[in-house]
Amino acid sequence: MNIELIYEDDWLVAVNKAAGLLVHRSWLDKNETRFAMQLTRDRVGCHVFPVHRLDRPTSGVLLFAKSAEVARRLTLAFTERQVAKSYLALVRGYMPAQGSLDYALSHKLDKIADKFADTEKPPQPAVTHWQSLAQVELPFAVSKKHATSRYSLVRLNPETGRKHQLRRHMAHLFHPIVGDTTHGDGRHNAFFRRQFACERLLLHAHQLRLTHPVSGDPLLLQGELDPSWQSLICEFGWQRALD
């Protein structure tokens, strides 16, 4: 399995992570043998250091550093919110044109990965901004309450980076992300699997904007949508929404 390289210089490397690929070895799946960190190392021929994370089912831009010092600078930039993150998501229902959600999230613990984490941590501040890019109404009664089903393509810009923040925030707004098996709507997930052969979470880390940690130049990193996403964009006539 290869990995798509979207940027490389003497200090950084960015890849377009596929949905379903773990960033690095994890207790979440002891039997997994392929990881984005390992594949990136093999691709560029040197050790790489992760500076942020993407959930396993989320695709998109994943940034690594080639040294511990550069990794430290980048990790600090993410922590201090100096990196602008932009995601694309397909959600249930018609989202308002734009808006923001400031809604603190409790610290969700994984039974394995967070075995030794602090169980008393208070809810953490979490802020997400959104912009609705396109909408579609399909002639299928996925819910018994409605004869048709509506969906929106949205751009999500999180200010903070809490665990499952975008998935939990969209669910809180009653516009869950399609394909989310934890916080989403199982009926709509099943409909997309059946009607469009779409088996994945429709959340994609589209862009990172940051200042290069060594040169100081502005840097825009963008990961293109995979065939599953592109098929839906074409099916719903949303091509111009991404121009």
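Below, each value reflects all heavy atoms present in this structure, side chains not excepted, and no hydrogens, waters or symmetry copies.
By the 4.5 Å heavy-atom criterion applied to side chains, Leu90 and Phe192 are counted as neighbours. Contact annotation: the side chain of Leu105 approaches that of His169 to within less than 4.5 Å [non-hydrogen atoms, C-beta and beyond]. With a 4.5 Å cut-off on side-chain heavy atoms, Val51 and Phe78 count as touching. Annotation: side chain of Arg167 is in contact with side chain of Leu203 (closest heavy-atom distance under 4.5 Å). Considering only heavy atoms from C-beta on, Val70 comes within 4.5 Å of Val214 through its side chain. Using a 4.5 Å cut-off on side-chain heavy atoms (C-beta onward), Leu221 and Leu210 make contact. Side-chain atoms of Leu232 and Cys198, non-hydrogen and from C-beta on, do get closer than 4.5 Å to each other. Met95 is listed as a side-chain neighbour of Met170, based on a closest heavy-atom distance under 4.5 Å.
Val83 and Val23 are not part of a single hydrophobic cluster, where members link through side-chain heavy atoms under 4.5 Å apart. Hydrophobic clustering (ILVMFWY, side-chain heavy atoms < 4.5 Å, transitive): Phe196 and Val91 are in distinct clusters. Both Leu202 and Leu88 are members of a single hydrophobic cluster when ILVMFWY side chains are connected at heavy-atom separations under 4.5 Å. In the hydrophobic cluster analysis, where Ile, Leu, Val, Met, Phe, Trp and Tyr join through side-chain heavy atoms closer than 4.5 angstrom, Val15 is grouped together with Val48. Hydrophobic clustering of Ile, Leu, Val, Met, Phe, Trp and Tyr side chains at less than 4.5 Å, counting indirect connections, keeps Leu225 apart from Leu201.
Between His175 and Tyr94, the ring centre distance reaches or exceeds 6.0 Å. The ring of Phe49 has its center no closer than 6.0 angstrom to the ring center of Phe64. Ring-centre distance between Trp11 and His212: below the 6.0 Å cut-off.
Tyr151 and Phe191 have parallel rings, their planes meeting at less than 30° on a 0 to 90° scale where 60° marks the start of perpendicular. Ring-plane geometry between His164 and His183 is classed as perpendicular, the angle between the planes exceeding 60 degrees on a 0 to 90 degree scale with a lower cut at 30.
Annotation: Gln98, atom CD; neighbour count of heavy atoms from other residues, nucleotides and ligands within 6.0 Å does not exceed 12.
There is a side-chain donor-acceptor pair under 3.5 Å between Gln165 and Thr160. Side-chain contact check for Ser86 and His206: no donor-acceptor pair (N or O, by modelled atom type) lies under 3.5 Å. For Ser59 and Arg200, the side-chain atoms include at least one donor-acceptor pair closer than 3.5 Å. Side-chain atoms of Gln135 and Glu137 include no donor-acceptor pair closer than 3.5 Å.
Looking at Asp185, its side chain does come within 3.5 Å of a backbone N or O of Arg187 through a donor-acceptor pair. In this structure, the side chain of Ser231 does not engage the main chain of Pro227 through any donor-acceptor pair within 3.5 Å. Of the possible donor and acceptor atoms, one in the side chain of Asn189 sits under 3.5 Å from a partner among the backbone N and O of Gly179. With Thr75 contributing its side chain and Ala71 its backbone, the two residues share a donor-acceptor pair below 3.5 Å. With hydrogens and angles ignored, the 3.5 Å screen pairs a side-chain donor or acceptor of Arg162 with a backbone N or O of Pro125. With Lys66 contributing its side chain and Asp9 its backbone, the two residues share a donor-acceptor pair below 3.5 Å. Between the side chain of Lys17 and the backbone N or O of Leu22 there is no donor-acceptor pair closer than 3.5 Å. With hydrogens and angles disregarded, a donor-acceptor distance shorter than 3.5 Å links the side chain of Arg43 to the backbone of Ile3. A donor-acceptor pair is defined here as one N or O able to donate and one able to accept, closer than 3.5 Å; no such pair exists between the side chain of Asn157 and the backbone of Tyr87. Remark: side-chain polar atoms of Ser149 are paired, donor with acceptor, to backbone N or O of Phe140 under 3.5 angstrom.
Pro139 and Thr148 make their closest contact through CA-CG2, 4.3 Å (heavy atoms, listed as atom of the first residue, atom of the second, distance). Pairing each heavy atom of Leu54 with each of Ala205, the nearest pair is CD2-CB, 3.8 Å. Of all the heavy atoms in Leu63 and His52, the pair that sits closest is N-NE2, 2.9 Å. Here the closest heavy-atom approach between residue Gly223 and residue His204 is recorded as O-NE2, 2.7 Å. Closest non-hydrogen pair, Glu224 versus Gln222, comes out as OE2-NE2, 3.1 Å. Between Arg168 and Ser106, the closest heavy-atom pair is NH2-O, 2.9 Å.
Taking CZ of Arg92 as the start and CG of Leu173 as the end, the distance is 11.0 Å to the nearest 0.5 Å.
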Just do the side chain to side chain contact (heavy atoms under 4.5 Å, CB included) check on Leu101 and Val127 with the steps written out, would you?
CA-CA 6 Å; Leu101 177 63; Val127 178; over 6 Å; no
When you look at Thr128 and Glu159, which way does the side chain to side chain contact (heavy atoms under 4.5 Å, CB included) test go after all the steps?
CA-CA 6 Å; Thr128 300; Glu159 279 191 22; over 6 Å; no
query: Given the rule in the side chain to side chain contact (heavy atoms under 4.5 Å, CB included) test, do Leu138 and Val136 qualify, once you have shown the distances and angles that lead to the verdict?
result: CA-CA 6 Å; Leu138 303 180; Val136 68; 3.7 Å; yes
